[in-house]
> 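This structure is in C-alpha cells; I'll ask about it shortly.
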Amino acid sequence: MKLNFAGKISKSSMILLIVAALFAVAGAFTSVWRIDLTAPQYPEGMVLYIGGTEGVSGGDEGNDLYKINELNHYVGMAQIHPGDFWEFTVLPILLCAFGVLFLVSALTRSKKMSVASLIAFGIFGVLGFVDFYHWTYVYGHNLSPDAPIKVPGMSYQPPIIGEKQLLSFDALSQPDLGGYFLVVAGLILAFVVVKEIGLLGNKKAAIR
C-alpha cells in the first residue's frame with residue numbers, strides 16, 4: 001500500500017476539518033473533565049469541573065469547590081484554587097489555536113498540514129493526560145502532617161478516568177461536554193488523514 005502525503009484533500013474532507021475546528025473551539029469554552037464525589041453524608045453529591053473559561057470550578061454555583069476544599073483540609077490535602085494552575089489559563093487559548101490550525105488546513109486543503117495537525121493534536125492529548133495525572137498525584141499524595149484525620153498508608157488521588165473509593169467517598173472521573181467535543185474533533189481529524197493518505201485503500205480522485 002502506497003501512502004500519499006502530497007496534494008490536496010477532497011472537498012468533503014475540507015468540510016470535515018471545518019467541523020473539527022468548530023468542536024475544538026467549543027471545547028475551549030466548556031468544561032473538558034469532571035470528577036463526581038458522592039458519600040453517605042453527601043447524598044446530593046459534589047462535582048469538580050476542570051477546563052473551560054473558569055479553569056477549575058465546582059457545581060452548585062461554586063459551592064461544591066468550597067466543600068471539597070473543606071474536606072481536603074481534614075485529610076491534609078492542599079486547597080484547590082483556579083489561579084494555581086497555569087495550564088487552565090493556557091488551555092482555552094491552545095484549543096482556539098488548534099481550531100485555527102484545523103481551519104487553515106481545511107481552507108488550504110493541505111494534506112501535509114492535516115497530517116501535522118493530527119500529530120500535534122495527538123501529542124497535546126497525551127501531554128494533557130500526563131499533566132492531569134501529575135496534578136492528581138501531587139494533590140492526593142502530598143498530605144500535610146498536621147491533618148486532623150490521618151490514615152496510615154492512605155492517599156487520596158482520584159482516578160484519571162473511572163471510579164475509585166476514597167474512604168467513604170466514591171470518586172468518578174470522566175470527560176465532560178468539552179472533553180467529548182475534543183474526542184469528536186480528534187476522531188474527525190484522524191478519519192480525514194487516514195482517508196486522504198490512502199490507508200483506507202484506493203479512493204476516487206479528490207474533487208477539485
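One is the number of the first residue; the rest follow in order along the sequence.
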> Between CG of Leu94 and CD of Glu87, what distance do you get to the nearest 0.5 Å?
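Going from CG on Leu94 over to CD on Glu87, the span is 11.5 Å.
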> Is there side-chain contact between Phe102 and Ile188, with at least one heavy-atom pair below 4.5 Å?
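Not touching, per the 4.5 Å side-chain cut-off.
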> Closest heavy-atom contact between Ala78 and Asn72?
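So the minimum-distance heavy-atom pair works out to O-ND2, 3.5 Å.
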> If I compare all heavy atoms of Glu163 with all of Asp170, which pair ends up nearest, and what's the gap?
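That would be OE2-OD2, 2.5 Å.
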> Measuring only between side-chain heavy atoms, which start at C-beta, is Ile18 closer than 4.5 Å to Leu103?
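In short, these two side chains touch, coming nearer than 4.5 Å.
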> Hey, is CD on Gln165 packed in by over 12 heavy atoms from elsewhere, all under 6.0 Å?
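Buried by this count: over 12 neighbours within 6.0 Å.
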> Strictly distance-based, threshold 3.5 Å: is any side-chain N or O of Lys150 a donor or acceptor partner for the main-chain N or O of Pro145?
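A pair under 3.5 Å: yes.
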> List the atom of Ser105, the atom of Ser117, and the distance in Å for their closest heavy-atom pair.
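In terms of heavy atoms, the two residues are closest at OG-OG, 3.1 Å.
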> Take a 6.0 Å sphere around CD of Gln157 and say whether it holds more than 12 heavy atoms from other residues, nucleotides or ligands.
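Atom CD in Gln157 is crowded, with more than 12 foreign heavy atoms closer than 6.0 Å.
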> Taking atom NZ of Lys112 as the centre, report whether more than 12 heavy atoms of other residues, nucleotides or ligands fall under 6.0 Å from it.
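No, NZ of Lys112 has 12 or fewer neighbouring heavy atoms, counting only those of other groups under 6.0 Å.
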> Contact between Glu196 and Ser114 at the side-chain level, heavy atoms closer than 4.5 Å - yes or no?
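Not touching, per the 4.5 Å side-chain cut-off.
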> To the nearest 0.5 Å, tell me how far Asn63 CG sits from Ile68 CD1.
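Going from the CG atom of Asn63 to the CD1 atom of Ile68 covers 11.0 Å.
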> Could you tell me if the side chain of Lys67 sits less than 4.5 Å from the side chain of Asp60, heavy atoms only?
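Of all side-chain heavy-atom pairs linking Lys67 with Asp60, at least one is under 4.5 Å.
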> Do the non-hydrogen side-chain atoms of Asp36 and Gln174 ever get within less than 4.5 Å of each other?
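A side-chain contact under 4.5 Å exists here.
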> Do Trp135 and Ile50 come close enough that some side-chain heavy atom pair is under 4.5 Å?
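Sidechains of Ile50 and Trp135: in contact.
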> Rounded to the nearest 0.5 Å, what separation is found between the OH atom of Tyr139 and the CD atom of Gln79?
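Tyr139 OH to Gln79 CD: 8.5 Å, rounded to 0.5 Å.
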> Test side chain to side chain contact (heavy atoms under 4.5 Å, CB included) on Leu91 and Phe124 and set out the steps.
CA-CA 10 Å; Leu91 183 61; Phe124 159 75; 3.7 Å; yes
> Taking a hydrophobic cluster as the set of Ile, Leu, Val, Met, Phe, Trp and Tyr residues connected by side-chain heavy atoms closer than 4.5 Å, whether directly or through intermediates, do Tyr180 and Val25 fall within one such cluster?
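The answer is no; the residues belong to distinct hydrophobic clusters.
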> Which atoms form the tightest heavy-atom contact between Ser10 and Lys195, and what is the distance?
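Reported closest heavy-atom pair: OG-NZ, 3.2 Å.
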> Tyr42 vs Asp64, test: side chain to side chain contact (heavy atoms under 4.5 Å, CB included). Steps then yes/no.
CA-CA 11 Å; Tyr42 292 96; Asp64 285 353; over 6 Å; no
> Search all heavy atoms of Ile35 against all heavy atoms of Pro158 and return the closest pair with its distance.
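That would be CD1-CG, 4.1 Å.
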> Verify, without hydrogens or angle tests, whether Arg109 (side chain) and Ile9 (backbone) share a donor-acceptor contact under 3.5 angstrom.
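Yes, because the side chain of Arg109 sits within donor-acceptor range (under 3.5 Å) of the backbone of Ile9.
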> I need the Tyr137 OH to Ile160 CD1 distance, nearest 0.5 Å.
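Here the interatomic distance stands at 12.5 Å.
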> Just verifying a value: how many Å separate Leu101 CG and Cys96 SG, rounded to the nearest 0.5 Å?
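Rounded to the nearest 0.5 Å, the CG-SG separation comes to 13.0 Å.
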> Is the shortest side-chain heavy-atom distance between Val56 and Leu48 below 4.5 Å?
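Answer yes - side chains close enough.
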> Among Phe121, Phe181, Phe98, Phe29, find the one that has a ring pair (Phe, Tyr, Trp, His ring centres under 6.0 Å) with Phe23.
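For Phe23, the ring pair (Phe, Tyr, Trp, His ring centres under 6.0 Å) check succeeds only for Phe181.
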> Measure the shortest side-chain to side-chain distance between Phe129 and Ile161 over non-hydrogen atoms and say whether it is less than 4.5 angstrom.
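Phe129 vs Ile161: side chains apart.
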> Taking all non-hydrogen atoms of both residues, which atom of Met46 and which atom of Phe169 are closest, and how far apart?
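Minimum heavy-atom separation between Met46 and Phe169: CE-CE2, 3.6 Å.
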